[in-house]
Asks: 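Starting off with a structure, shown below.
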Amino acid sequence: MTIIYAILMFCVLIFIHEFGHFIAAKKCGIRVNEFALGMGPALIKKQRGETTYSLRAFPIGGFCAMEGEDEDSEDPRAFNHKKPWQKAIVVCAGAAMNVILAIILMCIVSYTIGVASTTVDSFVKGSHAAADGMRAGDKITAIDGTAIRAWDDVSKALDNKKKNETVAITVVRDGRTQTIKTQLMENQNRAMIGISPKMVKDPGRSIITGFTSTWGLTKSMYVIIKQMVTGKVAMNQMSGPVGIVYMVNKSASRGFVYFLYLMALISLNLGVFNMLPFPALDGGRLVFIIVRSFTGKAITDAVENRINFAGLILLFGLMIYVTWNDVIKFIVPHFQ
């Protein structure tokens with residue numbers, strides 16, 4: 001089942017990415033010669049209008065073949081004859097679709113798990129709150145006079161607090177407001193009350209959480225990329241297809257919601273990585289579009305293609321490297 005889950009995930013992520021290029025190309029009036037899911041020999045081909053739709057043997061990629069994308073074409077609807085802004089939209093559309101998919105999946109995950117409310121559900125071991133009079137079902141409305149409207153406000157209200165410090169917590173219980181004074185505990189160098197919130201299914205807040213979680217993950221990815229470039233994080237920490245299959249196996253064993261979260265994470269990763277300004281990636285192609293819009297024909301298609309080909313070779317080398325690392329990390333230990 002792990003392999004099936006992994007193949008399904010790869011197919012969905014690749015389809016969404018290439019579909020973004022496809023839709024943008026069609027909207028910009030660019031001729032699309034073929035839209036394919038998978039690589040290698042074609043298993044199924046169907047001509048519809050000017051475009052051939054195909055399903056290919058190996059579920060490891062896909063492509064949206066546009067007229068004039070990698071060569072000069074006399075067709076007025078070719079990619080090479082379109083305006084820079086139209087080319088930029090087409091190039092960025094694949095990554096944009098991956099980000100949109102990540103947001104949708106994070107919203108689904110957030111709704112399935114539920115979002116934290118300000119109502120107390122249970123108490124952490126070592127907490128003084130229960131002994132001091134707090135009860136499950138209490139709704140926190142203020143801490144030391146600071147209004148609490150969402151669970152995040154609880155953490156913010158305790159930001160400058162220290163272990164063993166006493167705080168006044170205002171709660172609503174059975175329609176009545178009362179204030180409970182309790183001593184804070186410490187966990188991972190942070191002062192905390194020692195309570196767990198009741199999780200509720202709130203569509204509106206789940207959507208907000210989906211967006212904010214995706215944004216937080218995006219910022220973290222750029223931080224990690226920067227650390228890799230500066231050498232603060234070793235390249236052997238990267239994972240390729242083997243590592244992804246291993247993670248799929250772990251997430252699937254924990255439940256479908258964990259699989260969806262992993263899928264969102266990889267989709268976002270694909271979108272972010274693709275927009276890096278590196279040859280052969282969409283980000284590299286975007287750089288060429290911007291530069292050539294100012295320099296005209298100073299950089300020819302042939303020069304751009306050679307640079308992109310060199311970038312593709314480097315990416316293949318990186319893929320081989322991370323795959324070898326994955327084998328060492330995830331497969332070899334099972335034979336020792």
Asks: Using atom types as modelled and distance alone, determine if a side-chain donor or acceptor of Ser117 lies under 3.5 Å from a backbone N or O of Lys198.
Replies: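 Yes, because the side chain of Ser117 sits within donor-acceptor range (under 3.5 Å) of the backbone of Lys198.
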
Asks: Name the orientation class of the two ring planes belonging to Phe35 and Phe22 (parallel below 30°, tilted from 30 to 60°, perpendicular beyond 60°).
Replies: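 If you compare the ring of Phe35 with that of Phe22, the planes turn out tilted.
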
Asks: What distance do Leu318 atom CG and Ile313 atom CD1 have between them, rounded to the nearest 0.5 Å?
Replies: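 If we round to the nearest 0.5 Å, Leu318:CG and Ile313:CD1 are 13.0 Å apart.
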
Asks: Between Leu105 and Tyr261, does the side chain to side chain contact (heavy atoms under 4.5 Å, CB included) criterion hold? Intermediate values first, please.
Replies: CA-CA 7 Å; Leu105 291 175; Tyr261 179 81; over 6 Å; no

Asks: With a 4.5 Å heavy-atom cut-off, do Ser110 and Val115 have their side chains touching?
Replies: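 A side-chain contact under 4.5 Å exists here.
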
Asks: Write down the atom of Leu13, the atom of Asn98, and the distance for their closest heavy-atom approach.
Replies: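 Nearest pair, atom of Leu13 first, then Asn98: O-ND2, 3.4 Å.
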
Asks: Quick one: does Ser267's side chain have a donor or acceptor within less than 3.5 Å of a partner on Met263's backbone?
Replies: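 Absent.
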
Asks: Please examine the side chains of Pro279 and Asn308, heavy atoms only from C-beta on, and report whether any two atoms are closer than 4.5 Å.
Replies: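 Asn308 reaches Pro279 side chain to side chain.
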
Asks: How close do Leu158 and Met192 get, counting heavy atoms only, and between which atoms?
Replies: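 Distance-wise, the nearest heavy atoms are CD1-CA, 4.0 Å.
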
Asks: Mark yes when over 12 heavy atoms from residues, nucleotides or ligands other than Lys139 sit less than 6.0 Å from its NZ; otherwise mark no.
Replies: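 Incorrect, the count does not exceed 12.
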
Asks: Are the side chain of Arg173 and the backbone N or O of Gln178 linked by a donor-acceptor pair below 3.5 Å?
Replies: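 No: the side chain of Arg173 does not pair with the backbone of Gln178.
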
Asks: Could you tell me whether the side chain of His21 reaches within less than 4.5 Å of the side chain of Phe63, counting heavy atoms only?
Replies: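 Phe63 does not reach His21 side chain to side chain.
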
Asks: The test is side chain to side chain contact (heavy atoms under 4.5 Å, CB included); show your working for Arg306 and Val303 and say whether it passes.
Replies: CA-CA 5 Å; Arg306 283 197 292 269; Val303 170; 3.6 Å; yes

Asks: So which heavy atom on Glu34 is nearest to which on Arg56, and how close?
Replies: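 In this case the closest contact between Glu34 and Arg56 is OE2-NH2, 2.7 Å.
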
Asks: Thr166 and Gln183: side-chain donor and acceptor closer than 3.5 Å?
Replies: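 The answer is no; no qualifying pair exists.
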
Asks: Would you give the length of the straight line joining atom SG of Cys28 to atom CZ of Phe79, rounded to the nearest 0.5 angstrom?
Replies: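 If we round to the nearest 0.5 Å, Cys28:SG and Phe79:CZ are 9.0 Å apart.
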
Asks: Do the non-hydrogen side-chain atoms of Ile140 and Ile195 ever get within less than 4.5 Å of each other?
Replies: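 Yes. Closest side-chain heavy atoms under 4.5 Å.
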
Asks: Could you give me the CA-CA distance, side-chain angles and deciding distance for Phe211 and Thr214, then say whether side chain to side chain contact (heavy atoms under 4.5 Å, CB included) is met?
Replies: CA-CA 5 Å; Phe211 275 90; Thr214 304; 5.9 Å; no

Asks: Would you confirm whether His128, through its side chain, and Gly194, through its main-chain N or O, come within 3.5 Å as a donor-acceptor pair?
Replies: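 Looks like no, no N/O pair under 3.5 Å.
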
Asks: Do Ile100 and Leu260 sit in one hydrophobic cluster, given that two such residues count as connected whenever their side-chain heavy atoms are within less than 4.5 Å of each other, even indirectly?
Replies: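 Yes, Ile100 and Leu260 fall within the same hydrophobic cluster.
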
Asks: For Met134, does its backbone N or O pair with a side-chain atom of Asp138 as donor and acceptor, under 3.5 Å?
Replies: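 Here the side-chain-to-backbone pair does not exist.
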
Asks: Is the side chain of Thr212 donor-acceptor paired with the backbone N or O of Thr209 at a distance under 3.5 Å, no angle test?
Replies: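 Yes, because the side chain of Thr212 sits within donor-acceptor range (under 3.5 Å) of the backbone of Thr209.
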
Asks: If you measure only the distance, is there a donor-acceptor pair under 3.5 Å linking the side chains of Thr146 and Lys156?
Replies: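 No.
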
Asks: Is a side-chain donor or acceptor of Lys201 paired with a backbone partner of Tyr111 at a separation under 3.5 angstrom?
Replies: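 Side chain of Lys201 to backbone of Tyr111: a pair is present.
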
Asks: On a heavy-atom basis, which atom in Ala95 and which in Met275 lie closest, and how many Å separate them?
Replies: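 Here Ala95 and Met275 meet closest at CB-CG, 3.5 Å.
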
Asks: Starting from Ile108, can I reach Val12 by hopping between I/L/V/M/F/W/Y residues whose side chains sit under 4.5 Å apart?
Replies: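 Yes, same cluster.
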
Asks: Out of Asp144, Ile143, Thr141, Ile180, which residue meets the side chain to side chain contact (heavy atoms under 4.5 Å, CB included) rule with Thr170?
Replies: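 Exactly one option meets the side chain to side chain contact (heavy atoms under 4.5 Å, CB included) with Thr170, and it is Thr141.
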
Asks: Would you say the side chain of Lys181 lies within less than 4.5 Å of the side chain of Asp132, judging by non-hydrogen atoms?
Replies: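 Side-chain contact under 4.5 Å: no.
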
Asks: Are Thr118 and Pro197 close enough that some pair of their side-chain heavy atoms sits under 4.5 Å apart?
Replies: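 When only atoms from C-beta onward are counted, Pro197 and Thr118 do not touch, as no gap falls below 4.5 Å.
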
Asks: How long is the span from the CG atom in Asp282 to the SG atom in Cys92, to the nearest 0.5 Å?
Replies: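 Here the interatomic distance stands at 7.5 Å.
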
Asks: Could you pull out the closest heavy-atom pair between Ala168 and Thr179, with the gap in Å?
Replies: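 Between these two residues, the closest heavy atoms are CB-CG2, 3.8 Å.
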
Asks: Is the Phe259-Phe256 ring centre distance short of 6.0 angstrom?
Replies: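 Yes; Phe256 has its ring centre under 6.0 Å from that of Phe259.
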
Asks: Go through it in stages, so that I can follow the logic: the residues are Glu69 and Arg285, the test is side chain to side chain contact (heavy atoms under 4.5 Å, CB included), and I'd like the CA-CA distance, side-chain angles, deciding distance and then a yes or no.
Replies: CA-CA 11 Å; Glu69 181 181 8; Arg285 296 182 66 192; 3.1 Å; yes

Asks: Would you say the side chain of Arg190 lies within less than 4.5 Å of the side chain of Ser155, judging by non-hydrogen atoms?
Replies: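 Of all side-chain heavy-atom pairs linking Arg190 with Ser155, at least one is under 4.5 Å.
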
Asks: Please report the interatomic distance CD1(Ile307) to CZ(Phe288), rounded to the nearest 0.5 Å.
Replies: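 Separation between the atoms: 3.5 Å.
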
Asks: Sub-3.5 Å donor-acceptor pair from the side chain of Asp153 to the main-chain atoms of Ala150, do we have one?
Replies: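 Yes, the answer is positive, given that a donor and an acceptor are paired below the 3.5 Å cut-off.
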
Asks: Locate the shortest heavy-atom distance separating Arg135 from Ala130; write the atom from each residue and the value.
Replies: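 Closest heavy-atom pair between Arg135 and Ala130: NH1-O, 3.2 Å.
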
Asks: What's the spacing between Leu184 CG and Ile193 CD1 if we round to 0.5 Å?
Replies: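 One gets 6.5 Å once the value is rounded to the nearest 0.5 Å.
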
Asks: Rounded to the nearest 0.5 Å, what separates atom CG in Asn33 from atom OG1 in Thr51?
Replies: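 Output value for this atom pair is 7.5 Å.
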
Asks: Tell me whether Val291 is reachable from Trp85 by hopping between hydrophobic residues (I, L, V, M, F, W, Y) whose side-chain heavy atoms are closer than 4.5 Å.
Replies: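 Different clusters: Trp85 never reaches Val291 through Ile, Leu, Val, Met, Phe, Trp or Tyr contacts under 4.5 Å.
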
Asks: So that I can tick it off, tell me whether Glu67 and Lys82 are bridged by a salt bridge, with the cut-off set at under 4.0 angstrom between side-chain N and carboxylate O.
Replies: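 Salt bridge: no.
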
Asks: Any chance CD of Glu74 has more than 12 other-residue heavy atoms, nucleotides or ligands included, within less than 6.0 Å?
Replies: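 12 or below, so no.
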
Asks: Surrounding CG of Asp159 (heavy atoms of other residues, nucleotides or ligands, distance under 6.0 Å), is the total greater than 12?
Replies: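 Yes, enclosed.
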
Asks: Leu281 versus Leu315: any side-chain heavy-atom pair under 4.5 Å?
Replies: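 With C-beta onward as the side chain, the pair touches.
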
Asks: Assign the ring pair Phe15 / Phe19 to parallel, tilted or perpendicular, where the plane angle (0 to 90°) is split at 30° and 60°.
Replies: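 Rings of Phe15 and Phe19: parallel, under 30°.
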
